[in-house]
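These notes are about the structure you will find just below.
Throughout, protein chains are lettered first and strands after them, A, B, ... in sequence-line order, and every chain is numbered starting at 1.
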Protein chains: 2
Amino acid sequence: MIDTVAIVGVGLIGGSFGLALKAAGFRGRVVGVSSSATMQEALERGAIDAGLDLANAAGIADLIYLSQPIGRIVDTLRHLNAVVKPGALVTDAGSTKHAIVTAARDHLKRARFLGGHPMAGKETRGVSGADPNLFRDRPYVLTPGDPQELETEKAKEFLSWIESIGARLVTLGAEEHDRLVAYSSHMPQLASTALAAVIGEESPDAVNVGGPGLMDATRLALSSYELWRDILATNTGAIEEALSAYIGKLEFLRENLRTRAVQEEFVKAGEMARRLRELPLR
Amino acid sequence: MIDTVAIVGVGLIGGSFGLALKAAGFRGRVVGVSSSATMQEALERGAIDAGLDLANAAGIADLIYLSQPIGRIVDTLRHLNAVVKPGALVTDAGSTKHAIVTAARDHLKRARFLGGHPMAGKETRGVSGADPNLFRDRPYVLTPGDPQELETEKAKEFLSWIESIGARLVTLGAEEHDRLVAYSSHMPQLASTALAAVIGEESPDAVNVGGPGLMDATRLALSSYELWRDILATNTGAIEEALSAYIGKLEFLRENLRTRAVQEEFVKAGEMARRLRELPLR
């Protein structure tokens with residue numbers, strides 16, 4: 001039974017997970033591990049019931065939810081084994097999985113690990129933006145190294161909470177996940193960043209004539225590098241592959257601007273863009 | 001005095017221009033030149049007062065507003081000289097300017113020409129989507145070959161109508177306009193089309209995990225090629241230049257994913273993206 005949950009890193013995702021658990025009827029205890037200012041705010045918001053340090057939280061938790069930045073999650077995994085309650089389930093919410101799953105396999109021996117990535121977020125960061133409905137109708141990816149990781153009693157209980165908070169479970173291998181998000185998230189981010197950077201360098205007067213399409217295309221460019229440093233460092237190979245495919249496609253378009261080949265690309269792209277809109281929540 | 005306006009091509013832009021003129025207090029006559037089905041709908045919507053063929057409309061109009069696709073505008077300009085009312089002002093709403101301005105200079109001798117590009121639009125095409133407020137707070141670019149083109153009596157009257165319908169006048173050279181929209185509109189379109197096409201080819205399962213950022217980045221990919229064929233054919237050089245700069249930036253990011261150089265690009269891109277949002281209506 002999951003009686004005590006420890007949320008390590010009570011930011012937007014961690015705080016929302018605490019609020020969502022409580023809203024879904026979780027009657028156990030939720031403890032948070034964060035800076036004292038954040039824990040105070042999380043307590044006031046009702047996202048956690050108490051703030052503890054990592055050792056004390058890990059010593060009593062049946063489920064440990066690591067919702068720090070990727071690099072911090074890897075660090076935490078290196079120290080967690082010494083303090084974890086034996087048999088606990090450790091999961092995470094990091095945006096790339098290979099580095100985290102590898103760190104867990106190498107360092108976490110006294111507890112079970114199940115990698116996760118809730119596909120949720122919003123523009124407001126931190127626990128102040130925490131929202132019990134953040135996960136609702138959004139994909140929640142789990143990356144078991146072995147299907148049996150989903151069959152333990154604690155894992156089944158955790159899965160049922162994911163469903164109770166309204167998320168849609170998706171199961172992928174860690175490498176499969178990382179390649180997929182390289183295309184669905186990391187490539188679009190860098191495409192938008194590069195677009196806005198090039199306009200700034202080559203054509204800053206675009207501010208005088210920009211329309212709604214340019215706003216859409218540059219919205220991701222507003223993202224902070226702070227959120228992306230660890231992603232780019234831990235998924236470099238898959239991102240390089242995706243960017244190379246993207247550059248190849250742009251070169252093809254550039255060489256064919258006056259030919260029918262571009263029409264075929266518009267048709268293919270339109271079909272994919274429509275599919276993304278038909279099934280955004282599957 | 002502009003007593004009679006002929007709108008050639010009564011689609012979204014032409015129909016909106018007719019509605020906007022009337023809403024702004026234009027008391028003259030607005031005639032339309034389009035297919036008979038479109039003219040019927042435009043009459044019902046009140047965007048025009050009568051439908052005529054090109055020769056009859058051009059023979060009575062003081063202002064001729066060409067709001068067809070670019071290739072059709074160039075065709076119309078080739079035939080307009082023989083039928084135009086001498087001294088009329090001819091303007092257009094085409095998305096690229098060099099090819100149109102050149103056609104006007106070569107073929108239109110009995111009337112004055114002033115190139116234009118209202119930076120307005122929406123997803124619904126055709127006169128059924130026409131909206132008297134379509135131009136409100138949006139840039140309206142004029143591309144005089146010589147500043148004196150703005151000083152004729154008819155031009156000044158036309159400019160005052162542009163202001164009356166709520167648009168913001170921006171004056172640019174035709175080449176300057178075309179280079180600017182290559183960066184602000186054509187490059188973002190192709191960036192989005194390439195992104196969706198690559199995802200469709202390399203990672204179609206992205207439909208299972210796509211978030212709001214991917215929706216933003218692929219929204220332009222929903223555009224129809226039909227609208228883009230003439231743009232790509234008439235602004236090829238500037239678009240090739242913009243795509244090359246974009247490809248160069250993506251290559252730089254790909255080579256530097258783990259370095260601080262990417263942070264600088266995020267900062268530059270974020271600044272430009274914020275500037276676009278501070279001044280979208282200037």
Option that, when pairs with chain A are counted at under 4.5 Å, heavy atom only, ranks first among Gly200(B), Ser203(B), Ala120(B), Ala182(B): Ser203(B)
Residue selection (most heavy-atom pairs with chain B, distance under 4.5 Å) from Thr259(A), Leu190(A), Leu250(A), Leu243(A): Leu250(A)
Sidechain-backbone polar pair: Thr91(B) side chain, Leu114(B) backbone, donor-acceptor under 3.5 Å: yes
Taking every non-hydrogen atom, the tightest pair across Gly14(B) and Ser67(B): CA-OG, 3.3 Å
Gln189(A) portion near chain B, given a 4.5 angstrom heavy-atom threshold: side chain
Thr171(A) side chain to Leu142(A) backbone, donor-acceptor under 3.5 Å: no
Nearest-0.5 Å distance, OG1 of residue Thr96(A) to CD1 of residue Ile70(A): 3.5 Å
Contact leader toward chain A among Gly213(B), Ala242(B), Ala217(B), Gly121(B), where contacts are heavy-atom pairs under 4.5 Å: Gly213(B)
Backbone N/O of Lys97(B) and side chain of Asp178(B): donor-acceptor pair under 3.5 Å: yes
Flag, side chain of Glu176(B) to backbone of Gly173(B), donor-acceptor distance under 3.5 Å: yes
Side-chain heavy-atom pair Tyr183(A), Val181(A) within 4.5 angstrom cut-off: no
Structural part of Thr236(A) lying under 4.5 Å from a heavy atom of chain B: both
Heavy-atom pair count under 4.5 Å with chain B, highest-scoring of Lys268(A), His177(A), Glu240(A): Glu240(A)
Contact class of Arg258(A) relative to chain B, heavy atoms under 4.5 angstrom: side chain
Greatest number of heavy atom pairs closer than 4.5 Å to chain B - which of Glu241(A), Gln263(A), Glu264(A), Glu271(A): Gln263(A)
When Gly270(B), Ala273(B), Ser223(B) are compared by non-hydrogen pairs under 4.5 Å with chain A, the top option: Ala273(B)
Chain A neighbours within residues 224-233 of chain B, where any heavy atom lies under 4.5 Å away: Ser224(B), Tyr225(B), Trp228(B), Arg229(B), Leu232(B), Ala233(B)
Greatest number of heavy atom pairs closer than 4.5 Å to chain B - which of Val198(A), Ile247(A), Leu195(A), Leu172(A): Leu195(A)
Per-residue contact mode, Leu220(A) against chain B (heavy atom under 4.5 angstrom): side chain
Polar side chain donor-acceptor pair, Asn235(B) to His186(B), under 3.5 angstrom: yes
Contacting moiety of Glu201(A), where chain B heavy atoms sit under 4.5 Å: side chain
Check: Ala261(A) main-chain N/O paired with Asn256(A) side-chain donor or acceptor under 3.5 Å: no
Among the listed options Pro212(A), Ser244(A), Gly248(A), the residue most often paired with chain B at heavy-atom distances under 4.5 Å: Ser244(A)
Chain A contact via Ser185(B) - side chain, backbone, both or neither, heavy atoms under 4.5 Å: neither
Whether Phe17(A) and Phe135(A) hold their rings parallel, tilted or perpendicular, with breakpoints at 30° and 60°: perpendicular
Ser192(B) and Arg219(B): side chain donor to acceptor below 3.5 Å: no
Part of Val267(A) lying under 4.5 Å from any heavy atom of chain B: neither
Spatial distance of atom CZ (Arg254(A)) from atom CG (Leu257(A)) [nearest 0.5 Å]: 9.0 Å
Pairs of heavy atoms under 4.5 Å with chain B: top-ranked of Ala245(A), Ala196(A), Ala269(A): Ala269(A)
Residue of the set Met187(A), Arg179(A), Lys249(A) for which side-chain contact (heavy atoms from CB on, under 4.5 Å) holds with Glu202(B): Arg179(A)
Polar side-chain atom of Arg275(A) near backbone of Val207(B) as donor-acceptor pair, under 3.5 Å: no
